[in-house]
Amino acid sequence: MTFADIVGKVNGFAWGPIMLILLVGTGIYLSIRTGFIQFSKIGYWMRNTFGKIFKKQKAGEGEVTPLQAVTTALAATVGTGNIAGVTGAIVAGGPGAVFWMWISALFGMVTKYSEVVLAVKYRERNQAGDLVGGPMYYIKNGLGKGWKWLGSIFCVFGFLAAFGIGNMTQINTIASSINTAIDAFGGNVEASKITLFNQVVPVSSIVIGVVVAAIVALVLIGGLKRIGQVTEKLVPVMAVVYIIAALAVVIVNFRFIGKAFGMIFGNAFTVQAAFGGAVGIAFKTVVQKGVARGVFSNEAGLGSAPIAHAASSEKDPVKQGLYGIFEVFMDTIVICTLTALVVLLGYCSNAISPEWGGSGGAALVSSSFAGVMGGKLGSLIVAVGISLFALSTILSWSLYGTRCFEYLFGVKSSLIYKIIFVIAVVVGATLELSLVWDIADTLNGLMAIPNLIAVLGLSGVVIKLTKEHFAQKELK
């Protein structure tokens, strides 16, 4: 058995039926115990999240504002999974996978809410004076020091996963999408290549890697506050640009909207013919692909986002937790749904060939945009969208990886990690990363195990804080 075979088997477990049932089951359990807060308090959490986006907020030393905390977390979750991941789910699981993506998100809202509540409740200040928290800290300070080993396991998975899922695979996607756009505008990427690391690499990919590495280095030098300041500006811009472009496709093809939703709901519970291929898709595959891509995109239950939220200046764990609900809503219910509609409407309007041969990724989204805006503009929109999404993911995961590394080796060690992280950006832009992607994907999924043990073990704390918060609100 080769190393790749071993990685494949572990990945099959990390994103397999047992883990997905555990992830969604945790969301269902917490939803029941909180009185389905994502539905019963929808007006309250919308007012206290989206309703506060434009209000000026302040943060103390070693802290970020509640908005900067959520945009840092959103920067990590709104990434290539929102484009390539969604289209991949549709290709592999059919349109019905979108329905199960929604289901996982609706329950995942409360899982992420609980993670954030615990992160703020059990956070502490490190030697540099920064507020730090996340699964490793609510394991240590909540479950007790006898469980510290579990937090260390989470951190090992976390700082290693950051190099792949939050770095090399992201920059590789940026380079690929920009090279595609260059070709669409009449350039010739193939004409300028050199041999690097025993691979023939476009010069443009090296340039892209160096430029992005420089941006990441400048942001990392500024530390926690700089990351928050950049994501606070970057996330709204990238989200608005992509949402407007996707809505343009939806509006132009609105006559097919009923058919698109019919494909989603009609194929959610049935064995179906493969979408764009000859092989049939089993019901189990439809569910698994939808739930897996949903969780992969919004990261509910994986334990990464609480690391960003722990740095918030917000003192009330429940108030910051509400941003966890909003985060999943924006990532999956809004942005992933728009991507799915772009693909399905492109298929219905024949902008996407019915015989695409089972290919997925950003190419399908580009084809749908091209059907409305032309090939050049369509490629440009996807290149800009993916580049901004992936850049923001790199910045956020640099924080996650650093926090995991310093938990294990101390604050002074973080500089070493940051230097290696920046170098990995350049390397990632120039290599074929299929195995790296598989390893990172596996580590990302394995992060959920220690995190879910802690979230379930401390669920009583979440319920207590939630009840106290809303009891105080009703007394006012």
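Computed from a prediction, not measured in an experiment: that's the story for all the values here. All values below come from the heavy atoms of this structure, side chains included, with hydrogens, waters and symmetry mates left out.
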- Message: For the backbone of Y122 and the side chain of N141, can you confirm whether one donor and one acceptor N or O come within less than 3.5 Å of each other?
- Response: yes
- Taking the side chain from T430 and the backbone from V427, do they hold a donor-acceptor pair closer than 3.5 Å? yes
- Between L302 and V295, is a side chain to side chain contact (heavy atoms under 4.5 Å, CB included) present by the stated rule, with each step listed? CA-CA 8 Å; L302 301 188; V295 171; 4.1 Å; yes
- Message: Can you give me the closest heavy-atom contact between A424 and F163, atom names plus distance?
- Response: CB-CD2, 4.0 Å
- Note on the structure: Taking every heavy atom of A429 against every heavy atom of G209, the minimum-distance pair comes out as CB-CA, 3.6 Å
- Query: Quick check: does any side chain N or O of S176 sit under 3.5 Å from a backbone N or O of T173, one acting as donor and the other as acceptor?
  - Reply: no
- Query: Going by atom types only, do Y138 and N451 share a side-chain donor-acceptor pair under 3.5 Å?
  - Reply: yes
- Query: For I174 and A390, which heavy atoms make the closest approach, and how far apart are they?
  - Reply: CG1-CB, 3.4 Å
- Task: With rounding to the nearest 0.5 Å, note down the distance linking CE in M168 to CD1 in I394.
- Result: 11.0 Å
- Task: Taking all non-hydrogen atoms of both residues into account, name the closest pair between A73 and A305 and its distance.
- Result: CB-CB, 4.0 Å
- Message: Tell me whether F254 at atom CZ has more than 12 heavy atoms from other residues, nucleotides or ligands lying less than 6.0 Å away.
- Response: no
- Task: Take V86 and V343, measure what side chain to side chain contact (heavy atoms under 4.5 Å, CB included) needs, and give me the verdict at the end.
- Result: CA-CA 9 Å; V86 173; V343 171; over 6 Å; no
- Nearest heavy-atom approach of Y417 to F159 is OH-O, 2.8 Å
- Assert yes or no for the condition that the ring centre distance of F50 to F329 is strictly below 6.0 Å. no
- Check: M136 and I307 side chains under 4.5 Å, non-hydrogen atoms: yes
- ring pair (Phe, Tyr, Trp, His ring centres under 6.0 Å) filter on Y407, not counting sequence neighbours, yields Y137
- Task: Please name the pair of heavy atoms, one in L344 and one in I90, separated by the smallest distance, quoted to 0.1 Å.
- Result: CD2-CG2, 4.3 Å
- Do L106 and F39 pass the side chain to side chain contact (heavy atoms under 4.5 Å, CB included) test, and can you show the C-alpha distance, the side-chain angles, and the key distance before you say yes or no? CA-CA 9 Å; L106 291 174; F39 307 123; 4.0 Å; yes
- How many angstroms lie between atom OG of S414 and atom CZ of F405, to the nearest 0.5 angstrom? 9.0 Å
- Query: Do I325 and K41 have side-chain heavy atoms sitting under 4.5 Å apart?
  - Reply: no
- May I ask you to test the R403-N126 pair for a side-chain heavy-atom distance under 4.5 Å? yes
- Note on the structure: Which of R123, K112, E327 passes side-chain hydrogen bond (donor to acceptor under 3.5 Å, both in side chains) with H309? It is E327
- Measuring from T49:OG1 to M330:CE, what's the distance to the nearest 0.5 Å? 8.5 Å
- Message: Any heavy-atom pair between the side chains of V455 and L30 that's under 4.5 Å?
- Response: yes
- For the side chain of S396 and the backbone of T72, is there at least one donor-acceptor N/O pair under 3.5 Å apart? yes
- Is there a side-chain contact between V291 and I103, using heavy atoms and a 4.5 Å cut-off? no
- Let me see the working for Y44 and F470 under ring-ring contact (aromatic ring centres under 6.0 Å, His included), right down to the final yes or no. CA-CA 10 Å; Y44 183 75; F470 286 104; 5.2 Å; yes
- Query: Does a side-chain heavy-atom distance below 4.5 Å link I165 with L443?
  - Reply: no
- Message: Is a donor from one side chain sitting under 3.5 angstrom from an acceptor on the other, for Y323 and S312?
- Response: no
- Message: Taking V110's backbone N and O only, do any of them form a donor-acceptor pair with Q38's side chain (distance below 3.5 Å, no angle check)?
- Response: no
- Just say parallel, tilted or perpendicular for the rings of F261 and F265, cut-offs at 30° and 60°. parallel
- Query: Are more than 12 heavy atoms from other residues, nucleotides or ligands located less than 6.0 Å from atom NZ of K121?
  - Reply: no
- For the residue pair V342 and N253, establish whether any side-chain heavy-atom pair is separated by less than 4.5 Å. no
- Say whether, by atom type as modelled, one donor and one acceptor occur between the side chain of K289 and the main chain of V287 under 3.5 angstrom. no
- Note, W397 side chain near Q170 side chain (heavy atom, < 4.5 Å): no
